[in-house]
Amino acid sequence: MEKTQQIKTILSEKPVNREITVRGWLKSKRDSKGFSFLDVTDGSCLNGLQILADSSLSNYHSDISRLTTGCSIEARGLLLPSPAKGQTVELHAKAINVYGWAPPESYPLQKKHQSFEFLRSIAHLRGRTNSLGAVARVRSRLSWAIHQFFQERGFFQIHTPIITTSDCEGAGEMFTVTSLDLQKLPVAGGAVDYCQDFFGRQASLTVSGQLEAEAYALALGNVYTFGPTFRAENSNTSRHLAEFWMVEPEMAFCDLENDMNIAEELLKFLIRDCMENCAQDIDLFARFVDKNLTAKLLNVVQYDFIRISYSEAISKLEKADMHFTFPVAWGIDLQSEHERYLAEKLFQRPVIVTDYPKGIKPFYMRLNDDGKTVAAMDILFPGIGEIIGGSQREERFELLKNRMEESGITLENYQWYLDLRRYGTVPHAGFGLGFERIIQFVTGMGNIRDVIAFPRTPGSASV
Ligand code: ATP
Ligand code: MN
């Protein structure tokens, strides 16, 4: 098969009077006397290419006139300036071949507007719509930009395991990975005997690559992970998935302040990158998904994020002239209504909340000198809530061990983690960025199920 240029390249380069071949899917067809206009997309960009198909083509009546939305075709012809409004070039076809039909009586993606809920029920086809196609392109670009950001700054990517035996990483409920016969579970002492399981112990899908990334930060300096993570929590919200992707940098010789600086720089870099390189797709979202999108994106890249301590945040919340369902008091975990008040009402821009009470944060966060709080930071975004959670890690052996014991962790399983403090320990810090949450922010998409191709949520994992 001859190499074809993507429509994206054809439209951006645009020299005319040359013969080209395009392959793609029909978005729509308009018939006139003696010819048809075909709007064809190959998915490379939002815009399709207009193809003029004259009735003198040999298969005009047998094939071309029968084309409907979704049919796949190949068209060869001459690229010429277009007299029509809204496009500069069009293809005058010399030959059109049909690859596959899409019978309109059953093909679910017709021209009319379809709700995101409906599109979720046909996840295998929804990438062909303008909006979900744009999401997929933005997602790919953001993924690339994440690697670019870290690689340019000398970070190494670490592939941390998806199957883990760290029994409690403090981040959430886990899915067990087993090859045992569920009809005949081996039992010892009234409980499932995981000694007989594949790994000789209970294993799960990872909830975070952080602990393993720490091991490599203490070897290579600055590292990051970027992979899928899993949470078996029954959170049926527009911000939670059971399978989502996380970006987790981990930096040696780094304190909380530097951690926040890198996190803020990363978020701004990603948003700017998309505004520049996915302008057409972002414009689609700004027109059809969130009318204020551009202002919201600029509001993040143009100003410094607000930085306040948890204790300050609590006192702001206590003074708020707003009723909260969850009462505010020092020591509570911030609920989404509190986070929204801070980021959307009070400051109206991203807020970094630092130094949370140790009781509501995991064992690995570094204890502050007050003995009550830890060097944690959460970044709260307007419209999203928590987008990043991070901390300086506890690098002091005794303090870490104490906190692990307090948290009821089986030390036996974490000797390897304690080794990192036994041998050559250094101050270090990192954070986790929810990949789907940044995509949600950049696209304005309201539901996280629409920014991942095949979402997994409680009760739902089809396709
Ligand atoms: P939340 O409070 O929103 O449930 P969390 O505090 O449990 O999040 P962390 O364990 O700190 O989340 O994970 C780091 C980041 O991963 C979060 O800041 C968020 O962006 C993202 N994240 C966490 N849980 C989910 C989820 N279930 N689906 C999608 N993204 C998530
Ligand atoms: Mn968190």
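Note that this is a predicted model, so its numbers are computed, not measured. Ligands are counted one by one from 1 in listed order, and the atoms in each one are counted from 1 as well.
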For ligand 1, which atoms sit closer than 4.0 Å to a heavy atom of [X]?
| X | result |
| --- | --- |
| R239 | 28 (N), 29 (C) |
| G389 | 18 (O) |
| H240 | 1 (P), 3 (O), 4 (O), 26 (C), 27 (N), 28 (N) |
| M246 | 13 (O), 14 (C), 15 (C), 16 (O) |
| I388 | 18 (O) |
| G432 | 14 (C), 15 (C) |

Inset, instruction - Answer with yes or no whether I438 contacts ligand 1, where contact means a heavy atom under 4.0 Å from a ligand atom. - result: no

Inset, instruction - Decide whether the shortest distance between a heavy atom of E436 and an atom of ligand 1 is less than 4.0 Å. - result: no

Inset, instruction - May I ask you to decide whether R126 forms a salt bridge with D450, counting only side-chain N to carboxylate O separations under 4.0 Å? - result: yes

Inset, instruction - Answer yes or no: does an N/O atom from G434 fall short of 3.5 Å to an N/O atom of ligand 1? - result: yes

Legend entry - Min N/O separation I448 to ligand 1 under 3.5 Å: no

Strictly by modelled atom types, are [X] and [Y] linked by a side-chain donor-acceptor pair under 3.5 Å?
| X | Y | result |
| --- | --- | --- |
| R349 | Q302 | no |
| S309 | D355 | no |
| Y364 | E214 | no |

Inset, instruction - Look at the side chain of E395 and the backbone N and O of P427, then say whether any donor-acceptor pair between them is shorter than 3.5 Å. - result: no

Legend entry - N, O or S from D378 under 2.8 Å to the Mn ion (ligand 2): no

Inset, instruction - From atom 28 (N) of ligand 1, work out which of T237, L380, L241, V207 has a heavy atom at the shortest distance. - result: L241

Legend entry - Side chain, backbone, both or neither: R437 near ligand 1, heavy atoms under 4.0 Å: side chain

Inset, instruction - Would you mind telling me if ligand 1 is within reach of the side chain of E386, the backbone, both or neither, using heavy atoms under 4.0 Å? - result: both

Inset, instruction - Report yes or no: is the cationic atom of R153 (NZ for Lys, CZ for Arg) under 6.0 Å from the centre of the six-membered ring of F269, at an angle within 45° of the ring normal? - result: yes

Legend entry - Name of the E386 atom (N/O/S only) found closest to the Mn ion (ligand 2): OE2

Inset, instruction - Could you tell me whether E105 atom CD has more than 12 heavy atoms of other residues or ligands within 6.0 Å of it? - result: yes

